[in-house]
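Note on naming: letters A, B, ... go to the chains in the order of the sequence lines (proteins, then strands), and numbering restarts at 1 for each one.
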Amino acid sequence: MALTGLFLVTFLVAHLAGNLQLLDMSPEGQRKFNEYARFMTTFPLVKAVSYLLYFSILFHAFDGFLLTIQNRKARPVKYAKENAGANRSWASNNMALLGTLILVFLVIHMKHFWYEMHFGELPIVKDSQGQEMKDLYTIVAAAFTQLWYVALYVVMMAVLAFHLLHGFQSAFQSLGINHARYTPIIKSVGVFFAVVVPVLFALIPVWMFVNR
Amino acid sequence: MGNMKLTLKIWRQNGPNDKGRMENYPVNDVSEDMSFLEMLDVLNDQLVREGKDPIAFDHDCREGICGMCSLFINGEAHGPGRGITTCQLHMRKFKDGDTIYVEPWRSAAFPVIKDLATNRSAFDRIQAAGGFVSVNTSGNLVDGNAVPIPKDDADKAFDAATCIGCGACVATCPNGSAMLFTAAKVSQLALLPQGRPEAKRRALAMVEQMDKEGFGNCSNTGACEVECPKGISLEHIARLNREYLAASVTKE
Ligand code: HEM
Ligand code: SF4
Ligand code: FES
């Protein structure tokens with residue numbers, strides 16, 4: 001759980017770095033993004049890492065479900081009254097729900113962009129060398145002219161933020177890393193990461209919608 | 001006597017196989033100086049006088065050291081208040097006219113014996129799986145000061161050793177996990193040189209027994225640490241995770 005979770009965290013950084021190129025909506029920026037997308041879908045090392053990523057998402061989700069089922073069984077009779085707010089954060093209490101929402105979003109998200117890029121009929125444009133490449137940019141830009149899709153994206157980034165708010169520091173504790181000097185730092189970095197990364201992700205569709 | 005009137009909603013269950021249900025009990029004459037258990041004594045006295053079945057609940061020392069008292073009160077293990085057991089909870093924490101929910105520890109591994117009394121012998125079996133040091137006591141005692149132990153380590157080991165095995169951590173945990181208890185019992189020995197020779201075996205065996213008993217999996221919500229009457233720290237869970245991971249990858 002912790003290892004796959006942390007790997008997904010590093011993936012978020014890489015994915016965000018790629019996505020931020022979308023903010024440049026000039027023809028030059030569009031071409032750069034499409035070249036980047038081609039690189040990400042063809043370069044062998046990236047492909048190898050992407051298989052590790054698919055595996056991590058599936059393992060993380062599967063293990064999360066399995067643990068949640070076991071945990072439900074560990075308390076067959078529920079409390080008539082439970083004051084969860086007295087001793088734990090809302091995020092930590094709802095990791096399975098938050099994770100399931102992320103998983104549902106991932107399916108929609110990958111159908112729209114990943115599936116289209118790999119198997120869809122995309123418009124073709126020319127790169128800087130004059131070679132043909134798929135125009136993923138136009139697909140993304142078209143998706144983000146729809147208000148509902150932008151709204152879904154923003155809400156889901158909030159869900160991700162809460163998942164990370166608990167998850168980031170939790171992963172270190174699961175790996176046995178708890179130290180008087182370093183744990184406060186890990187917790188602060190975790191909160192910073194959980195807020196900044198989803199906000200930047202959410203900024204992209206909002207920006208593209210406003211400038212459509 | 002006292003001047004508070006309360007309504008108690010108490011879990012009644014005739015035996016391990018009974019389904020159980022919440023029942024309402026009015027109690028009058030509650031003094032704010034009573035402990036929660038004394039208030040239940042008053043209620044039971046009332047029930048016995050009326051020829052009814054008194055409510056079974058666990059208790060022993062009534063001074064916060066034995067770990068026998070339990071009770072999930074108004075949605076929290078040992079009720080409101082921090083660093084206390086139910087026998088140390090006083091009625092001044094409540095107001096006249098309050099409705100108070102009283103439930104047993106709810107865990108698949110702590111079956112209800114009757115009403116609010118649960119069987120916590122799962123903890124004994126975790127302890128027996130490795131929570132000890134094997135020393136030869138037949139006349140070859142070593143002088144205590146012959147083995148130097150850093151003060152910080154000794155302090156932390158003692159902190160872990162204050163766990164009274166009450167089970168509030170399990171009752172509170174949304175996953176019904178027994179990690180805080182098991183971590184305390186592993187840590188109190190893992191931190192001391194006398195505990196090192198068997199450390200690997202201990203971590204593996206105690207975690208295996210914990211899982212076998214049907215406790216849930218820790219997801220680091222930290223609820224146990226908040227509700228633990230002895231303030232056992234999550235640091236000990238991290239230590240157990242370290243001990244367990246290291247033992248898992250190096251075992252033969
Ligand atoms: C971008 C996607 C995701 C990231 C970055 C992520 C990250 C993390 C991290 C770092 C943890 C803490 C691990 C630990 O405490 O050991 C965690 C826990 C968890 N995740 Fe995710 N996660 C993601 C998606 C998902 C999905 C799709 C699910 C689907 C069910 C999920 C379910 C869970 C659950 C149930 C936990 C708590 C389990 C536990 O701590 O034992 N997550 N996640
Ligand atoms: S760790 Fe705390 S809550 Fe858990 S059994 Fe020990 S004393 Fe009770
Ligand atoms: S009765 Fe002993 S700790 Fe409460």
Expected contact set for residues 85-92 of chain A against chain B at heavy-atom separation under 4.5 Å reads A:Ala86, A:Asn87, A:Arg88, A:Ser92
- Does A:Arg38 CZ have over 12 foreign heavy atoms under 6.0 Å away? yes
Contacts satisfying side chain to side chain donor-acceptor pair (under 3.5 Å) that involve residues 144-158 of chain A (not counting sequence neighbours) are A:His112-A:Tyr149
Closest heavy-atom pair, B:Ser107 versus A:Pro76, reported as atoms and distance to 0.1 Å, is C-CD, 4.4 Å
- prompt: Is it the case that B:Asn241 and A:Ser174 place a side-chain donor and acceptor less than 3.5 Å from each other?
  reply: no
Legend entry - pair A:Lys81-B:Glu103: side-chain heavy atoms closer than 4.5 Å: yes
Applying a strict 4.5 Å limit to non-hydrogen atoms, the region of B:Tyr101 in contact with chain A is side chain
Taking NZ in B:Lys19 as the centre, count heavy atoms belonging to other residues, nucleotides or ligands within less than 6.0 Å. Is the count above 12? no
Counting heavy-atom pairs under 4.5 angstrom with chain A, the leader among B:Ala246, B:Gly216, B:Ala223 is B:Ala223
Look at the side chain of A:Asn71 and the backbone N and O of B:Asn217, then say whether any donor-acceptor pair between them is shorter than 3.5 Å. yes
Interatomic distance, CG@B:Asn220 vs CD@A:Gln169, rounded to 0.5 Å, equals 7.0 Å
Heavy-atom closest pair (A:Ser170 atom, B:Ser219 atom, distance to 0.1 Å) is OG-O, 3.7 Å
Turns out that what part of B:Pro80 lies under 4.5 Å from chain A's heavy atoms comes down to neither
Of the listed B:Leu234, B:Thr221, B:Val226, the one with the largest count of heavy-atom pairs under 4.5 Å with chain A is B:Thr221
Turns out that what part of B:Leu245 lies under 4.5 Å from chain A's heavy atoms comes down to side chain
(Q) Surrounding NZ of A:Lys32 (heavy atoms of other residues, nucleotides or ligands, distance under 6.0 Å), is the total greater than 12? (A) no
Cut-off 4.5 Å, heavy atoms of chain A, and the answer for B:Leu240 is neither
With the side chain counted from C-beta on, respond yes when A:Ile177 and B:Arg242 share a heavy-atom pair under 4.5 Å apart, and no when they do not. no
Taking a cut-off of under 4.5 angstrom between non-hydrogen atoms, the residues of residues 91-100 of chain B near chain A are none
Under 4.5 Å to a heavy atom of chain A? For B:Glu235 that would be both
CH2 of B:Trp105 to OH of A:Tyr79, rounded to nearest 0.5 Å, is 7.0 Å
A:Ala74 and B:Gly176 have their tightest heavy-atom pair at CB-O, 4.3 Å
Per-pair distances, 0.1 Å, donor-acceptor, side chain in residues 197-212 of chain A, under 3.5 Å, sequence neighbours excluded:
| from | atom 1 | to | atom 2 | distance (Å) |
| --- | --- | --- | --- | --- |
| A:Trp207 | NE1 | A:Leu23 | O | 3.0 |
| A:Asn211 | ND2 | A:Trp207 | O | 3.0 |
| A:Arg212 | NH1 | A:Phe209 | O | 2.7 |

Heavy-atom closest pair (B:Arg106 atom, A:Arg75 atom, distance to 0.1 Å) is O-NE, 2.7 Å
Can you tell me if OH on A:Tyr54 sees more than 12 non-hydrogen neighbours from other groups inside 6.0 Å?
yes
Turns out that what part of B:Thr172 lies under 4.5 Å from chain A's heavy atoms comes down to both
Cut-off 4.5 Å, heavy atoms of chain A, and the answer for B:Arg239 is neither
Under 4.5 Å to a heavy atom of chain A? For B:Ala171 that would be both
